[in-house]
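In this text the structure is predicted, and so the values were computed from the model without any measurement.
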Amino acid sequence: MNITAIRIKEKDARIFSHIFWNKIPPEVQALLTDRKQEKALLQSIMGQALLAYLLKKKEGIDYSRCRIVYGAFGKPMIAEQKIHYNISHSGVWVVCALGHENVGIDIELVHPLKKNSANLFLSLQEKAALHDAKGAENAIYRLWVLKESYCKYTGKGLHLPMNRLTFYRDQNGFFKINADKDVSFQEYSIEKGYYMAICSKGYLPDLVSIIDIPELIRVLDLDIPRSYHDND
């Protein structure tokens with residue numbers, strides 16, 4: 001399993017997106033154009049760029065020639081090579097995980113929780129454990145991201161009720177989930193104010209590879225117009 005991340009600035013991402021757009025398969029372009037907000041569109045395009053980067057760097061595969069297929073709930077994978085991937089974005093970060101095992105990844109920028117919002121996704125056991133606990137809000141966010149990574153791993157997303165999922169610590173102190181004891185979870189500290197987690201049955205790396213736009217351009221061998229350099 002490989003995980004990479006990029007911290008984006010909207011101006012740079014906007015310029016890069018124009019360069020990269022024609023590399024995106026037409027069926028994916030059609031999905032991306034449904035994004036109504038420019039920021040969400042830019043984040044999604046950067047997510048595809050990270051996917052292209054990992055495919056090229058780790059698998060030697062040309063992303064623009066890949067055939068992407070979708071599961072019953074819309075989760076994508078690379079068809080012929082049976083490569084699994086998952087993308088998430090929040091705030092200024094975009095992250096992508098790719099490997100030969102099913103995977104779910106989530107990153108969230110911490111915002112103040114709305115009153116009773118935790119009731120929508122905490123199980124009864126988790127509510128009892130966190131009742132009046134010190135640092136409960138941070139613990140709630142950790143659980144949210146862990147549960148999101150699992151829901152994305154299954155491909156069911158919001159079709160899987162989070163309040164029926166309960167996290168606990170095993171005898172070695174690792175997070176486990178009642179719904180599937182065979183999956184593993186890993187948390188990552190990418191920047192203060194963000195929580196990030198990954199879920200898979202395969203190997204989970206200890207570190208996230210953080211790259212920038214020049215590295216994307218180099219590995220993907222993109223043609224750079226003079227106007228890009230003029231904006232440096």
Legend entry - Carboxylate-amine/guanidinium proximity below 4.0 Å for D62 and R65: yes
Inset, instruction - Spell out, yes or no, whether I213 and W21 are grouped together once hydrophobic residues are joined by side-chain heavy atoms under 4.5 Å, including indirect joins. - result: yes
Inset, instruction - Take atom CZ of F174 as the centre, draw a 6.0 Å sphere, and report whether it contains more than 12 heavy atoms from other residues, nucleotides or ligands. - result: no
Legend entry - Carboxylate-amine/guanidinium contact R67 E27, below 4.0 Å: no
Legend entry - Shortest non-hydrogen contact from I190 toward A5: CD1-CB, 3.7 Å
Inset, instruction - Decide if atom NZ of K23 counts as having more than 12 heavy atoms of other residues, nucleotides or ligands within a radius under 6.0 Å. - result: no
Legend entry - Expected output: side-chain S17 to main-chain L42 donor-acceptor under 3.5 Å: no
Inset, instruction - Would you indicate whether the side-chain heavy atoms of V69 and M77 approach each other to under 4.5 Å? - result: yes
Legend entry - Same apolar cluster (I L V M F W Y, side chains within < 4.5 Å links), F20/I87: yes
Inset, instruction - Locate the shortest heavy-atom distance separating G99 from M1; write the atom from each residue and the value. - result: N-SD, 3.8 Å
Legend entry - V103 reachable from L54 in the ILVMFWY side-chain graph, under 4.5 Å edges: no
Legend entry - Flag, side chain of K176 to backbone of V183, donor-acceptor distance under 3.5 Å: yes
Legend entry - Cluster link L146 to Y194, ILVMFWY, side chain under 4.5 Å: no
Inset, instruction - Give a yes or no on whether L50 and Y85 share a hydrophobic cluster (residues Ile, Leu, Val, Met, Phe, Trp, Tyr; joining criterion: side-chain heavy atoms under 4.5 Å apart). - result: yes
Inset, instruction - Give, for atom CD1 of I6 and atom CD1 of I211, the distance between the pair rounded to the nearest 0.5 Å. - result: 5.0 Å
Inset, instruction - Taking atom types as modelled, find out whether H89 and E108 have a side-chain donor-acceptor pair closer than 3.5 angstrom. - result: no
Inset, instruction - Please name the pair of heavy atoms, one in L122 and one in N163, separated by the smallest distance, quoted to 0.1 Å. - result: O-CB, 3.5 Å
Legend entry - Positive for ring-ring contact (aromatic ring centres under 6.0 Å, His included) with F121, one of Y150, Y141, W144: W144
Legend entry - F167-F185 aromatic ring centre distance below 6.0 Å: yes
Legend entry - CD1 on I24 to CD on Q48, rounded to 0.5 Å: 6.0 Å
Legend entry - Donor-acceptor pair, side chain of S88 and main chain of I107, under 3.5 angstrom: yes
Legend entry - Side chain proximity check, E215 to K57, heavy atoms < 4.5 angstrom: yes
Legend entry - Lys/Arg cation over aromatic F175: R169, 6.0 Å, 45° cone: yes
Inset, instruction - Answer yes when E148 and K152 have at least one side-chain N-carboxylate O distance shorter than 4.0 Å, and no when they do not. - result: no
Legend entry - Non-hydrogen atoms of V28 and Y70 that approach each other most closely: CG2-OH, 3.9 Å
Legend entry - Side-chain H-bond candidate by donor/acceptor type, K75 with N102, under 3.5 Å: yes
Inset, instruction - Could you pull out the closest heavy-atom pair between E101 and H84, with the gap in Å? - result: O-CB, 3.2 Å
Inset, instruction - Look at the side chain of Q43 and the backbone N and O of G91, then say whether any donor-acceptor pair between them is shorter than 3.5 Å. - result: yes
Legend entry - Heavy-atom pair of closest approach, residues M196 and I3: CE-CG2, 3.9 Å
Inset, instruction - Please determine, by modelled atom types, if Q125 and Y168 share a side-chain donor-acceptor pair under 3.5 angstrom. - result: no
Legend entry - D206 and Q186 side chains, donor-acceptor separation under 3.5 Å: yes
Legend entry - N/O donor-acceptor pair under 3.5 Å between D106 side chain and A197 backbone: no
